[in-house]
Amino acid sequence: MKNRIVLYEDRKYDVETIKKEYGIDITECLKKLTDDLKYIIRLSTKTKYGVEPDKLGIRTPEYKDNKVIFYGLYGDLKCGNVTISIIPKIGFKSFIKMLTETLSILENLGLTLPTYYFESLIYSKLLPSVIEGNNFALIYSSKVLYLTRKFLQSYQPVKLHRQIVISNGEIGRPDLLTSLRLHFRGHVAGGFRRFRAKEALAPLIILKHLNLMIIEDLEKLIKDFINKESTKPLSEKIYNLINKHKLLLEQPVFRQIPNIPVTYEILKEALSYRYTNPIIIEIIKTYINYKRKKELLQEFGSTDLHIVSTHKLYEFWILATIIKEFINKSWKIISIDFKIKSQSDQRSKFTISTDKGSIELFYDSPMKSTLITSLITDKKNKLRPDIYLKFGSINYTIDAKYKYKLETKDIKQALLFLSELSQPNLLAVIAYLGETKIGQSDSVTIKACSAHPARGIDIHCLLEPILSQF
């Protein structure tokens, strides 16, 4: 009997075949495991984004008719003493290459610098199904760093403490009640009010505690990733974040703050300064949300499943490679517009300057559909291509499909995209793991462009409508 079972993502397995091949009956365990994962992944997305997993493009594991399948995820699961390893369909070597290239391109291009939101987007999309509460640190880390730096750079609020001083001479504003009491007792001295400015420590206590929580959770997370080659790129990123938080806590202002728990009284006092420094209200909200959500997920216990959403990573890899291609031509990113309309409705737009005008690149952004809205009144019916490119009169979509073979539904989706979003030619592009193919019918063209980490991306196929203009 073996204590390790290897399965590939997106592949359906017959449980009886697993039993014969490995000599292990894990039928009941797999049933429970898939049910638990469905529940916890749903809990995770509902807690983080307020929506069901499918709204974020996440398919949960399935167990049906004695067959099991794990969609678009990789990681380790436990069935008693047996480890079930879910392997990326492209293999670990290609997976690591894709992850490393994506993180390094985005970081080298400085896309995480203009706003902490984009870095949070990367983590929240790459790790949508990581269950343990401490993984929230990856999503919140950039925001906490931003708030801490912003607060330290801004005005430090002070609190005025009133003191009553008894004196024979006038040394402040007279306090009538105290003076009368003294006179009734036969004293000639009077009471005077004095005010002493004292630095408000409550917001600093909250910030220090928040940074310490993030550090602690990131360090727990790094223990899970350590010695795992498949997560080395993310491990390096996590080490980076830990060092940034520790560096901030080395500031003199934090060194003199005691390590005390954040009580209701401290939160209340910090709230009283919200008018002197508006960022304080955001600090309080972030602290409460982080603590509440983290504890909510941790109530359900931890698992040995540390998942990266391979489908989302594939989208980011294609996005990063396209932007890198533009930069290699000495074109410049002149703006990054990142908007959050709701927790589930996040969109980003990159504007790239060229000598012939600007290229607009939209990532995962909803687009109005005249065709759909004329037939269906539901406001939620919008087109949402992975990438939408606009350059002058040229508009078209690129849809990333993390699969080796395209299906009829992929072509139907491409046809809808080109009918609504392509100009002047009816063109849609699909990036996938297979070989480059071009389908044409009358004036309609659908390009299926090869994009495999082991071979690279057929960039000419993806970007030919734009590159041909230069």
Side-chain angles (χ1 to χ4, degrees), residues 57 311 314-326 329 331 333 335-337 339 345-354 356-376 378-403 405-451 457-470:
H311 287 256
Y314 188 65
E315 288 177 17
F316 274 118
W317 178 60
I318 291 168
L319 170 70
T321 306
I322 289 172
I323 294 176
K324 183 184 178 184
E325 178 67 19
F326 290 156
K329 294 187 174 297
W331 300 342
I333 297 176
S335 71
I336 300 174
D337 183 20
K339 292 180 180 177
D345 189 0
Q346 302 175 352
R347 58 193 74 187
S348 48
K349 172 187 169 186
F350 304 86
T351 305
I352 297 97
S353 173
T354 78
K356 291 190 176 182
S358 294
I359 300 170
E360 292 180 327
L361 186 158
F362 297 84
Y363 171 70
D364 195 26
S365 299
M367 302 290 171
K368 289 182 181 178
S369 169
T370 307
L371 185 64
I372 293 177
T373 51
S374 63
L375 298 171
I376 303 172
D378 189 351
K379 293 180 181 179
K380 293 180 181 179
N381 279 286
K382 290 185 178 181
L383 300 177
R384 196 164 193 136
D386 295 326
I387 295 169
Y388 180 45
L389 286 164
K390 296 177 73 175
F391 177 63
S393 61
I394 300 170
N395 302 343
Y396 70 100
T397 61
I398 299 175
D399 216 28
K401 298 296 179 186
Y402 183 62
K403 56 177 67 174
K405 293 181 180 180
L406 296 178
E407 301 171 70
T408 304
K409 63 181 180 181
D410 303 322
I411 309 303
K412 287 180 179 178
Q413 186 179 53
L415 286 169
L416 181 58
F417 284 158
L418 69 82
S419 68
E420 287 282 291
L421 301 173
S422 66
Q423 291 180 4
N425 300 317
L426 294 175
L427 167 71
V429 175
I430 301 172
Y432 79 126
L433 296 170
E435 300 294 332
T436 295
K437 296 177 183 178
I438 298 177
Q440 287 183 310
S441 176
D442 297 328
S443 59
V444 173
T445 301
I446 296 178
K447 289 184 176 183
C449 303
S450 178
I457 295 176
D458 187 346
I459 205 74
H460 179 77
C461 177
L462 282 185
L463 300 177
E464 186 272 332
I466 290 176
L467 298 181
S468 63
Q469 303 301 306
F470 294 86

Checklist entry - Can you tell me how far the CZ atom of Phe316 sits from the CG atom of Asp364, to the nearest 0.5 Å? => result 8.0 Å
Checklist entry - Would you say Thr445 and Ile438 make side-chain contact, with heavy atoms under 4.5 Å? => result yes
Checklist outcome for this item: Minimal heavy-atom distance between Ala451 and Ala431, with the atoms involved, is CB-CB, 4.2 Å
Item to check | Residues forming a ring-ring contact (aromatic ring centres under 6.0 Å, His included) with Tyr396, sequence neighbours excluded | outcome: none
Please tabulate, for side-chain N and O atoms in residues 415-427, each donor-acceptor pair with protein atoms closer than 3.5 Å (sequence neighbours left out).
from: Ser419; atom 1: OG; to: Leu415; atom 2: O; distance (Å): 3.3
from: Ser419; atom 1: OG; to: Leu416; atom 2: O; distance (Å): 2.8
from: Glu420; atom 1: OE1; to: Ser369; atom 2: OG; distance (Å): 3.0
from: Glu420; atom 1: OE1; to: Thr370; atom 2: N; distance (Å): 2.7
from: Glu420; atom 1: OE1; to: Leu371; atom 2: N; distance (Å): 3.2
from: Glu420; atom 1: OE2; to: Leu371; atom 2: N; distance (Å): 3.3
from: Ser422; atom 1: OG; to: Leu418; atom 2: O; distance (Å): 2.5
from: Ser422; atom 1: OG; to: Asn425; atom 2: O; distance (Å): 3.2
from: Ser422; atom 1: OG; to: Leu427; atom 2: N; distance (Å): 3.4

Checklist entry - Counting only N and O atoms by type, is there a donor-acceptor contact under 3.5 Å from the side chain of Tyr314 to the main-chain atoms of Tyr432? => result yes
Item to check | pair Ile394-Leu389: side-chain heavy atoms closer than 4.5 Å | outcome: no
Checklist entry - Can you find a heavy atom in the side chain of Ile446 that is under 4.5 Å from one in the side chain of Ile430? => result yes
Next on the checklist: Could you check whether any side-chain N or O of Thr436 sits under 3.5 Å from a backbone N or O of Ser450, counting only pairs where one atom can act as donor and the other as acceptor?
Outcome noted: yes
Checklist entry - Quick one: does Cys449's side chain get under 4.5 Å of Val429's, heavy atoms only? => result yes
Checklist entry - How long is the gap from CG on Leu319 to CZ on Phe362, to the nearest 0.5 Å? => result 13.0 Å
Next on the checklist: Tell me if a side-chain donor or acceptor on Ser441 pairs with a main-chain N or O of Val444 at a distance below 3.5 Å.
Outcome noted: no
Item to check | Criterion side-chain contact (heavy atoms from CB on, under 4.5 Å) against Phe391, the qualifying member of Ile359, Ile352, Leu361 | outcome: Ile359
Next on the checklist: I'd like to check the side chain to side chain contact (heavy atoms under 4.5 Å, CB included) partners of Lys409; sequence neighbours left out, ordered by chain and number.
Outcome noted: Lys403, Glu407
Checklist entry - Does the side-chain contact (heavy atoms from CB on, under 4.5 Å) test come out yes or no for Arg384 and Met367, once each step is laid out? => result CA-CA 6 Å; Arg384 196 164 193 136; Met367 302 290 171; over 6 Å; no
Item to check | Thr351 OG1 to Lys390 NZ distance, which is reported to the nearest 0.5 Å | outcome: 10.5 Å
Next on the checklist: Applying salt bridge (charged side-chain N to carboxylate O under 4.0 Å, His left out) as the test, list every pair that has at least one member in residues 424-443; sequence neighbours left out.
Outcome noted: none
Checklist entry - Mind checking what makes salt bridge (Lys or Arg N to Asp or Glu O under 4.0 Å) contact with Lys401, not counting sequence neighbours? => result Asp399, Asp410
Checklist entry - Given side chains that start at C-beta, do those of Leu383 and Tyr388 come closer than 4.5 Å, heavy atoms only? => result no
Checklist entry - Are any of the side-chain heavy atoms of Tyr363 and Glu315 separated by less than 4.5 Å? => result yes
Next on the checklist: Can you give me the closest heavy-atom contact between Ala400 and Asp386, atom names plus distance?
Outcome noted: N-OD2, 2.7 Å
Item to check | Rounded distance (nearest 0.5 Å) linking atom CH2 of Trp331 with atom OG1 of Thr354 | outcome: 6.0 Å
Please set out all donor-acceptor pairs under 3.5 angstrom arising from side-chain atoms of residues 459-470, sequence neighbours excluded.
from: Glu464; atom 1: OE1; to: Lys447; atom 2: NZ; distance (Å): 3.4
from: Ser468; atom 1: OG; to: Glu464; atom 2: O; distance (Å): 2.9
from: Ser468; atom 1: OG; to: Pro465; atom 2: O; distance (Å): 3.2

